[in-house]
Amino acid sequence: RIDNIIDYMTFEVYKYTVRGLYEKHKFLFTLLLTVKIDIKSKKVKHDEFLTLVKGGASLDLKEVMPKPCKWILDMTWLNLVQLSKLPQFSQILSQISSNDKAWKNWFDSDAPEEEIIPDGYSASLDTFRKLLLIRSWCPDRIAAQARHYIAESMGAEYAESVILDLEGMWEESETSTPMICLLSMGSDPTDAIERLAKKHNLKCRAISMGQGQEVHARRLFQQATTEGGWILLQNCHLGLQYMEELMDAIITMENPHDSFRVWITTEVQPKFPINLLQMSIKYSNDPPQGMKAGLKRTYNIVTQDQLDVTNMPQWRPMLYAVAFLHTVVQERRKFGPIGWNIPYEFNQADFTATVQFVQNHLDDIDPKKGVSWKTVHYMIGEVNYGGRVTDDYDKRFLNTLARVWFGEHMFLEKFKFYTGYIIPKCRTLDEYRTQIEGMSLVDSPEVFGLHPNADITYQTNMANMVLNTIMNIQPKDSGGGGGETRESVVARQATEMLEKLPPDFIPHEVKDRLQKMGALSPMNIFLRQEIDRMQRVIFLVRSTLKDLKLAIDGTIIMSENLRDALDNIYDARVPGAWKKISWESATLGFWFTDLLERNAQFSSWLFDGRPNQFWMTGFFNPQGFLTAMRQEITRSHQGWALDSVVLHNDVTKMMKEDITSPPQEGVYIYGLYLDGAGWDRKNIRLVEPQPKVLFTQIPVVHVYAINTSLPTTVIKPRAGYCFYECPVYKKPRRTDLTYIFPLKLSSTINHGSDRWILRGVGLLCDTK
């Protein structure tokens, strides 16, 4: 009987909590709940839990057994090394080495969690241990396997989504419990609340909060308490002063009418009164995702009168295309930087403005001349949607999308946005709605212009967000359920890192070497600046680690900075003070490997002379490196002016191992990865990427400078090819801060550069 009570209570509490969470956090909460219950009942050990959330983040690639095959990613191999420390997986590294074909076939399948795992693991592992294996191999499948684990451990009802029941919630509430809806983009519960009020013959008084609206809100509150009915306060994040007052009014009111209720809608706002949140029922109402849901939402707002507003044949197809574009620009956000460099808040107003413009434009045109497509492209790409867009490459994408989808070709029979996504030829609103109902629930990323691999990126980012959040909310006590304490783990790691840390650069040695190499040449000035910054990093890391060991021993006091370093090193993350003066990295292990490799490049340049080729990822200021190279070339040609000298590049067929001497002019750079496309080394051109291969390393690039003021310098692509101007970024996060410069990459003319613009193709110095 007690078991039944526990089961019932767990599910009720779960339903109550999940109702107030956003879609992206519901899965996180369910997974954490399941794992914690299993840890309490001794089904899952603490070190297994740590392996789930951290993986191999704290390991250093140079210290572990080398990976047996090239196709295994560095991060995957570190995860597997960490996994092999658990008893069930002690043999896994040698099994992969001796049976790599079977493992590769398993890894390459579409849904590895459904397939039979090599070396008999399918039979020997339960769902949680399988989750650990999937987490190590393919982070994009964590969510799918975690749902199996949740369903098996807790019950199938936990793995399914809970449908919001407004009526049930209203019955559960009392006069003194407000109901707060946490808004997200595209969701507004107002209609549903008003329908519910109508159904029960209750009066619903709504008011949108903002400056000066408090007076009206007080009046409505007064009316509702005495006469009964509901009061709906919308967008309360804009009227925070009134919230404190409202809370006091609800607590102190005497004998309110039985049917009185307060409904509140608000966006997430850190200053929202926490007591009001605690005393209310919270719920969220995320809009469904995907093309079908987006078009359905849009065609719920469109009216039949709007469809019949003009008898121009272009009107309805163009209206549908704008609705399609409106959904695509919103859906692309979920794919991260490959979708949009900056996730813009496109909303209903952008759609309405564009539709209004199209309608006015069709009214004004001369039927013989037809639509002025240049105007349409400009209004969509630069004004109505483009007005929000601040990043140049995002603007380029939006303009390309407008050009590819809007033109005379959109009225042809054969036109389609993507296979299976056409412009339906309908007369009435119901016909459109029926067509939209027939669309599939799940869309391939290709509908949004992206490669199917983009879905892996999206799933991996989701899984990483879940695991990082779980790690952030772990209690920071010293004992971790048996085994070593946090302090002793960190002290051991600090000792290991100090042993590997490179020696300091000695100022007078650096000065002597630079004098010999020519202290005033642009490249050597650049080198001196880089070494100064590197020295600061090495000095800070050394002093932090030494102080941290002393603080753990109790010799000195643990300061705020040292406490931060301790927590971060234990979680395998980069301490804040280090990150501030260095570079971003996914894990501490990768950051430290980076530090050693960067330092190696600088010291070999300083003591062994200028290298034949440069690892651009290893510079603090890569733009400075390219400018120094431009200055160097300008000075070597008499009569050239720096203003008219611009960068140009050729991608070679050589990898970094093949280079034996520097180029006659310019520099060789290596270590760039293509994101969103593959590379054909033989024909030196962009191609579609291999399935499941997210990043492709491109061969060595020869970057040099040309003088645009000379009549002889016209650089054209080869016959049958065109150039795609590909932005190079330092990190996967693509912002102005990580942008370096554009490279020209060859593409066949029938692929054109439009395809790669829609794919969001970029080059990254570092994929972590």
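Counted within 6.0 Å of CD on Gln623, heavy atoms from surrounding residues, nucleotides or ligands total more than 12; the atom is thus considered enclosed. Within 6.0 Å of the CD atom in Gln664, the count of heavy atoms belonging to other residues, nucleotides or ligands does not exceed 12. Crowding of Gln269 atom CD: a count of heavy atoms from other residues, nucleotides or ligands under 6.0 Å exceeding 12. Atom OH of Tyr22 has more than 12 neighbouring heavy atoms from other residues, nucleotides or ligands inside a 6.0 Å radius.
Under the rule for a ring pair (Phe, Tyr, Trp, His ring centres under 6.0 Å), Trp77 has no partner lying at least two apart in sequence or in another chain. In this structure, the ring pair (Phe, Tyr, Trp, His ring centres under 6.0 Å) partners of Phe625, at least two apart in sequence or on a different chain, are Phe526, Phe614, Phe619. Evaluation of the side-chain hydrogen bond (donor to acceptor under 3.5 Å, both in side chains) rule for Asn524 yields Ser521 as partners, not counting sequence neighbours. With sequence neighbours left out, the salt bridge (Lys or Arg N to Asp or Glu O under 4.0 Å) criterion links Arg333 to no other residue.
Counting heavy atoms from C-beta on, the side chains of Asp766 and Asp594 come closer than 4.5 Å. Between Arg681 and Thr696 the shortest side-chain heavy-atom distance does not fall below 4.5 Å. Looking only at side-chain heavy atoms (C-beta outward), Pro742 and Val728 stay at 4.5 Å or farther from each other. Two residues are said to be in side-chain contact when any heavy atoms from C-beta on lie closer than 4.5 Å; Thr544 and Pro575 fail this criterion.
To the nearest 0.5 angstrom, Leu28 atom CG is 9.0 Å from Leu21 atom CG. Interatomic distance, Leu626 CG to Gln631 CD, rounded to the nearest 0.5 Å: 11.5 Å. Atom-to-atom distance recorded for Leu694:CG and Tyr673:OH is 13.0 Å, nearest 0.5 angstrom.
The cationic group of Arg129 does not satisfy the cation-pi geometry with Phe89, failing either the under 6.0 Å distance to the six-membered ring centre or the 45° limit from the ring axis. A cation-pi arrangement, defined by a distance under 6.0 Å to the six-membered ring centre and an angle within 45 degrees of its axis, is absent between Lys730 and Trp583. No cation-pi contact links Lys656 to Tyr668, judged by a cut-off of 6.0 Å to the six-membered ring centre and 45° from its axis.
With 3.5 Å as the limit, one finds a donor-acceptor pair spanning the side chains of Tyr729 and Asn341. The closest side-chain donor-acceptor pair between Arg759 and Asn453, if any, does not fall under 3.5 angstrom.
When each of Asn79, Ile96, Leu83, Leu73 is checked for a side chain to side chain contact (heavy atoms under 4.5 Å, CB included) with Trp137, only Ile96 meets the rule.
Note on ring orientation: taking the six-membered ring where Trp is involved, the planes of Trp103 and Trp106 are perpendicular (angle over 60°, cut-offs 30° and 60°). Ring-plane geometry between Phe49 and His46 is classed as tilted, the angle between the planes lying from 30 to 60 degrees on a 0 to 90 degree scale.
Residue pairs meeting the salt bridge (Lys or Arg N to Asp or Glu O under 4.0 Å) criterion with at least one member in residues 84-97: none, sequence neighbours excluded. Applying the salt bridge (Lys or Arg N to Asp or Glu O under 4.0 Å) test to residues at least two apart or on different chains, the pairs with a partner in residues 502-529 are Asp504-Arg542, Arg528-Asp532.
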